[in-house]
Engineer: 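There's a structure below that I have some questions on.
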Amino acid sequence: MTMGKAIYSVGFWIRETGQALDRLGCRLQGKNHFREQLSRHRTLMNVFDKSPSVDKQAFVAPSASLIGNVHLGPGSSIWYGCVLRGDANSISIGAGTNIQDNSLVHVAKSNLSGKVLPTVIGDNVTIGPSAVLHGCTVEDEAYIGASATVLDGAHVEKQAMVESGALVRQNTRIPSGEVWGGNPARFLRKVTEQERAFFSSSVVDYSNLAQVHAAENTKNLDETDFKKLLYKKNARDAEYDSVLNDLTLSENVPKSA
């Protein structure tokens, strides 16, 4: 046995011993079912007397955080690194909406007008990665671009579009079917039919993709570790075959006089 294999074997048995102790601890606590998850991050967290409400058909990535009074409708998806913090007020998200990676959704408590505002997001809304929504309303089928910011009291109407990187200031209302962009955001033009079709296709694409990610995230570490080992073995076999073929070819090449 090589030194590398010996170290790997020792590491394997240490992990197995740790998992065995964890199982024993679970049983002593009255938890007869043990399952090691890919992530132990608290995806859903209560605050005060409020707890998140997530439809069973929705997808929440394991590294996302839904905190407090957050309602997530069927078929919606919250992607990796997102934070939805409903502590001072509520966050409501309809059906089929996708909030993409590293986005932040919060409610408004301290602002110039002194209003405590919830965040309301409708059905089939697409919110691009790293967007910030703070105490605002986004109606059905709207599109919020990547890294856009929508501030307190702003209202984005149905099928409106906020371009990537735009800043929608407090109490701004974006009418239905309009495209706004810039800092501060202003009217640019009307939404095209091609863009409307893209809004719909984006919702369907993310709904399908969420199902794939949800299935993958239900797997435990044993399954994924086995797949990794199998992949490494196949990669090594392929590399060995490649080297063997190269050697065979070099042996068949006639030597020069």
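This structure is a prediction, so every number in the text was calculated from the model and none was measured.
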Engineer: Nearest 0.5 Å, what's the CG-NE2 distance between L104 and H134?
Structural biologist: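 Output value for this atom pair is 7.5 Å.
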Engineer: Among Q159, K158, H155, which residue satisfies the side chain to side chain donor-acceptor pair (under 3.5 Å) criterion with E139?
Structural biologist: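 In the set Q159, K158, H155, the residue that makes a side chain to side chain donor-acceptor pair (under 3.5 Å) with E139 is H155.
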Engineer: Using a 6.0 Å cut-off, check whether atom CZ of R169 has over 12 heavy atoms from anything other than its own residue.
Structural biologist: no
Engineer: Can you hop from I78 to L44 via hydrophobic side chains spaced under 4.5 Å?
Structural biologist: yes
Engineer: Same cluster for W180 and L133 if Ile/Leu/Val/Met/Phe/Trp/Tyr side chains link at under 4.5 Å?
Structural biologist: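 Linked, W180 and L133 end up in one cluster.
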Engineer: Rounded to the nearest 0.5 Å, how far apart are CG of N98 and CD1 of I127?
Structural biologist: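 The CD1 atom of I127 is 7.5 Å from CG of N98, to the nearest 0.5 Å.
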Engineer: Where do G86 and V70 come nearest, in terms of heavy atoms and distance?
Structural biologist: N-CG2, 3.9 Å
Engineer: Could you grab the distance from atom CG of D205 to atom OG of S200, nearest 0.5 Å is fine?
Structural biologist: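 Reported value, rounded in 0.5 Å steps: 10.5 Å.
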Engineer: Are any non-hydrogen side-chain atoms of L151 and L167 less than 4.5 angstrom apart?
Structural biologist: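 Counting from C-beta outward, L151 and L167 do come under 4.5 Å.
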Engineer: Is the closest side-chain heavy-atom distance between P52 and N46 below 4.5 Å?
Structural biologist: yes
Engineer: Are the side chains of L84 and I93 in touch, meaning some heavy atoms are under 4.5 Å apart?
Structural biologist: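 Yes, at least one pair of side-chain atoms sits under 4.5 Å.
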Engineer: Considering the options V203, V125, T97, N124, which one meets the side-chain contact (heavy atoms from CB on, under 4.5 Å) requirement together with E141?
Structural biologist: N124
Engineer: If I take atom NZ from residue K50 and atom CD1 from residue I91, how far apart are they, to the nearest 0.5 angstrom?
Structural biologist: 13.5 Å
Engineer: Look at the side chain of S207 and the backbone N and O of V204, then say whether any donor-acceptor pair between them is shorter than 3.5 Å.
Structural biologist: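 It does not hold such a pair.
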Engineer: Testing the basics here: between T43 and P62, what is the closest heavy-atom pair and its distance to 0.1 Å?
Structural biologist: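 Smallest heavy-atom distance, with atoms named: OG1-O, 3.2 Å.
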Engineer: Any side-chain to backbone donor/acceptor pair from S130 onto S147? Under 3.5 Å, distance only.
Structural biologist: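 Judged by distance alone, no pair lies under 3.5 Å.
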Engineer: With a 4.5 Å cut-off on side-chain heavy atoms, are I99 and I121 touching?
Structural biologist: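 Yes, close enough: below the 4.5 Å cut-off.
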Engineer: Keeping D152 on the side-chain end and G135 on the backbone end, is there a donor-acceptor pair under 3.5 Å?
Structural biologist: no
Engineer: With a 4.5 Å heavy-atom cut-off, do D87 and V107 have their side chains touching?
Structural biologist: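 With C-beta onward as the side chain, the pair touches.
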Engineer: State, to 0.1 Å, how close N89 and P118 come at their nearest heavy-atom pair, and which atoms those are.
Structural biologist: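 Looks like OD1-CB, 3.5 Å.
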Engineer: Which heavy-atom pair separates G96 from S76 by the least distance, and what is that distance?
Structural biologist: N-OG, 3.2 Å
Engineer: Would Y143 and I174 show up in the same hydrophobic cluster when neighbours are defined by side-chain heavy atoms closer than 4.5 Å?
Structural biologist: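 The answer is no; the residues belong to distinct hydrophobic clusters.
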Engineer: What are the two closest non-hydrogen atoms of G81 and S63, and how far apart are they?
Structural biologist: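 Of all heavy-atom pairs spanning G81 and S63, the closest is N-OG, 3.2 Å.
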Engineer: G68 and V47: which non-hydrogen atoms are nearest, and at how many Å?
Structural biologist: CA-CG1, 3.3 Å
Engineer: Mind checking the OG-CE spacing from S65 to M45? Nearest 0.5 Å is all I need.
Structural biologist: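 That separation rounds to 7.5 Å.
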Engineer: So, does S103 use its side chain to make a donor-acceptor pair with the main chain of G128 at under 3.5 Å?
Structural biologist: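 Yes; judged by distance alone, with no hydrogens or angles, the pair exists.
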Engineer: Transitively linked via ILVMFWY side-chain contacts under 4.5 Å: V179 with F199?
Structural biologist: yes
Engineer: Which residues, ordered by chain and number, are linked to W79 in its hydrophobic cluster, where ILVMFWY side chains connect at heavy-atom gaps below 4.5 Å, directly or through other members?
Structural biologist: F59, Y80, Y206, L209
Engineer: Quick check: do N102 and P129 have side-chain heavy atoms less than 4.5 Å from each other?
Structural biologist: no
Engineer: For the residue pair H106 and V83, establish whether any side-chain heavy-atom pair is separated by less than 4.5 Å.
Structural biologist: no
Engineer: Examine V132 and V168 and state if one hydrophobic cluster contains both, with Ile, Leu, Val, Met, Phe, Trp and Tyr joined whenever side-chain heavy atoms are less than 4.5 Å apart.
Structural biologist: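 Result: no, two separate clusters.
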Engineer: To the nearest 0.5 Å, what is the distance between SG (C136) and CD (Q170)?
Structural biologist: 11.0 Å
Engineer: Only counting residues at least two apart or in another chain, list the ones meeting salt bridge (Lys or Arg N to Asp or Glu O under 4.0 Å) with K190.
Structural biologist: E178
Engineer: What pairs meet the salt bridge (charged side-chain N to carboxylate O under 4.0 Å, His left out) rule with one or both residues in residues 92-107, with sequence neighbours excluded?
Structural biologist: none
